[in-house]
Colleague: 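One structure, as structure tokens, below. Some questions next.
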Amino acid sequence: MTVRTRFAPSPTGYLHIGGVRTALFNWLFARGHGGQFLLRIDDTDAERNIAEALQPILDGFRWLGLDWDEGPEVDGPHAPYYQSQRGDRYRAAVDQLLARGAAYRDYATTEEIQAEREAAQREKRRFQYSRRWMAESPAQEAAFKAEGRRASVRLKMPREGVCAFHDLVRGDVEFEWALEQDHVVQRADGTCLYHLASAVDDHDFAITHVIRAIEHLSNTPRQMFIATALGYALPAFAHLPYVAEPGSAEKLSKRKLSKYLKHHEFKKIHDHGADIAAALGLGVTPETFNPVVVDFYREVGFEPDALVNYLLLLGWSLDDRTETFTREQMVEHFSLERVNRSAASFDPQKLLAFQERRMQALSLDARVARTCPFLERAGLIDTPPTDAQRSRLGLVVDAAADRIKVAGDILSYPEFFQADDRVAYDEKALDKRVRKDGVEPLLRRCRDRLAAAEPFEADSLEAALHHFVEVEGIKIGQIIHAVRVAVTGKAVGFGLFQGLAILGRDACLARIDRTLERLKPEA
RNA sequence: GUCCCCAUCGUCCAGAGGCCUAGGACGUAGCCCUUUCAAGGCUAAAACACGGGUUCGAAUCCCGUUGGGGACGCCA
């Protein structure tokens, strides 16, 4: 039998990092067994879903390279893959359940159920519906209808015995049937609910392995009940531990962002990304642009493989030291047996470390290809770039080396792509390195020295500056910082001599002149 | 409140009775390199939650305690 797994996102507008890990494990398991991975859209709760809310999710999967064999946009033999379009199929299943006595029409109001639930709470016992408004005969139905009641359909769950199954991650699991509720599977308006839809779809789509987050573990008995009542063969189940918050054991949730932003490392990564977004002119808010959301990583220029590799190791490992995996190696080695049973907290800093490693392993050409779109989008070079811009980009990327940790970091070096009169100056750096006694005449003499330097290349510039320092009888630190600030506007950056050479003599002299001009007391 | 689960360095993992003086990675600290910022090199600190068993022997098995977490919808 061909292995078939699925991931079932709800269209919420963004792809959550915890969801991606679940999807990844499904994808790896399917690919590793030569099977298929499908995407099914859980949009039965029509009110809270909007069509365009799906797009970012599909884009996220594509970016991560998690391709699906059947599902939205690719379709397949079991289409449609949207639960909102499968209502008739679900209603037919409900009728079958009713006919087989596995479900009943219930005429209770929400308030009545709520009252029973609260009573149980007060008496400190687990709630179990009294079935007072259960209608099993036409006479009962007529009576309830006469009272103006409307029927929903509830599962008639067993009230004794246990539901036992083997979970591929958890091992043997048992639930007492008596602890299960008579869950509603169909509303009075005829629409069907998740558990029913899920069980039916898993069967219709021939899903062999249901791999999902642990919060679904307690849903499993009722879904098994539905599937069994409908005569379906059961899939195998595997429940993954949840991904926890940074620095905490609580489940990671998109709703607790403000809490995460108080976490130092999380905030650092967020702010780094926000700076890149600002340089790109993206109007982002923390709610949609933060390290819990996959889009964040794409926007700031992470390598999808870095994210995937990090997520792979969140709850799974091959051995005590292998950390870097190619996609092929992941597919080859992944196994549910080695998935952990305890929650793992999300550590954005470690994710960044994976990203740095990937970036370092990339060729210069690859890094140029990654960074180029960022400069284009920021309007710092043309689209497409001119040959001159492209070759300059190559020089800058080469010089910046590992300083470019994510592709968007190229935006830390706008001064290499801006006209001389557009360079922004860091006032603090000017104060510290240039607006000091004796620096101005020194900078002036150094400027003349640079004007005469031949050739205008890193090595010869370095030699020239060392000679200058010797003649002046100063330490190199006394002039090099001033030149850096004068030419780049900043106190930090990569090797100064490379920077000067990349900019060329004219730009360097012009910028030094502009800086000297700036030093003149305002007349 | 009811039910269930989890428990090794700050964090992610290794460890399935002797290989453990507990290993790797991220992070942290120190040193080296260095024009700044990174990167890199070297070194270090850092954990089996606690208490009982079982066993010749327990991080590994059992029980309890403690701590943490999850599920309890006409959401998915």
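Here is the naming used below: chain letters follow the sequence lines, and residue numbers restart at 1 for every chain.
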Colleague: Could you check which nucleotide pairs with B:rA45 in any of the strands shown, counting Watson-Crick or G-U wobble with both distances under 3.5 Å?
Modeller: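 Here B:rA45 is not engaged in any pair, so there is no nucleotide opposite it.
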
Colleague: In residues 462-472 of chain A, which residues come under 4.0 Å of RNA chain B by heavy atom?
Modeller: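 Output list: empty, so none.
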
Colleague: Would you call the rings of A:Tyr81 and A:Phe205 parallel, tilted or perpendicular, where under 30° means parallel and over 60° means perpendicular?
Modeller: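 Judged by the thresholds at 30° and 60°, the geometry between A:Tyr81 and A:Phe205 is tilted.
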
Colleague: Side-chain N or O of A:Ser10 less than 4.0 angstrom from OP1 or OP2 on B:rC75?
Modeller: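 Checking B:rC75 against A:Ser10, no side-chain N or O comes under 4.0 Å of OP1 or OP2.
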
Colleague: Would you please classify the geometry between the A:Phe416 ring and the A:Phe494 ring as parallel, tilted or perpendicular, with 30° and 60° separating the classes?
Modeller: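 Parallel, since the angle between the ring planes stays under 30°.
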
Colleague: Rounded to the nearest Å, what distance is computed from the CG atom of residue A:Asn340 to the P atom of nucleotide B:rA14?
Modeller: 5 Å

Colleague: Does OP1 or OP2 of B:rA71 have a side-chain N or O of A:Lys251 closer than 4.0 Å?
Modeller: yes

Colleague: Which part of the nucleic acid does A:Arg357 contact within heavy-atom distance under 4.0 Å: base, sugar-phosphate only, or nothing?
Modeller: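 Sugar-phosphate only.
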
Colleague: Would you measure the distance from the C1' atom in B:rA47 across to the matching atom in B:rA25 and give it in whole Å?
Modeller: 15 Å

Colleague: So that I can tick it off, tell me whether A:Glu116 and A:Arg131 are bridged by a salt bridge, with the cut-off set at under 4.0 angstrom between side-chain N and carboxylate O.
Modeller: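 Judged by the 4.0 Å cut-off on N to carboxylate O distance, A:Arg131 and A:Glu116 do not form a salt bridge.
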
Colleague: Name the one of A:Leu362, A:Asp409, A:Ile404 that satisfies side chain to side chain contact (heavy atoms under 4.5 Å, CB included) with A:Val397?
Modeller: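 One option only clears the test, and that one is A:Ile404.
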
Colleague: Should the pair A:Glu250-A:Lys259 be classified as a salt bridge under the 4.0 Å nitrogen-to-oxygen rule?
Modeller: yes

Colleague: Please report, rounded to the nearest Å, how far the P atom of B:rC72 is from the OH atom of A:Tyr129.
Modeller: 20 Å

Colleague: With the threshold set at 4.0 Å, does a side-chain nitrogen-carboxylate oxygen contact exist between A:Asp42 and A:Arg40?
Modeller: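 Yes, A:Asp42 and A:Arg40 are salt-bridged.
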
Colleague: Nearest whole angstrom, please: distance from the P of B:rC75 to the NE2 of A:His183.
Modeller: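 Rounded to the whole Å, the gap is 13 Å.
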
Colleague: Take the protein atom CD of A:Glu215 and the nucleotide atom C1' of B:rC5, then report the distance between them rounded to whole Å.
Modeller: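 Rounded to whole Å, this separation is 13 Å.
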
Colleague: Expressed as a whole number of angstroms, how long is the span from A:His195:NE2 to B:rC75:P?
Modeller: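 My rounded result for the distance is 10 Å.
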
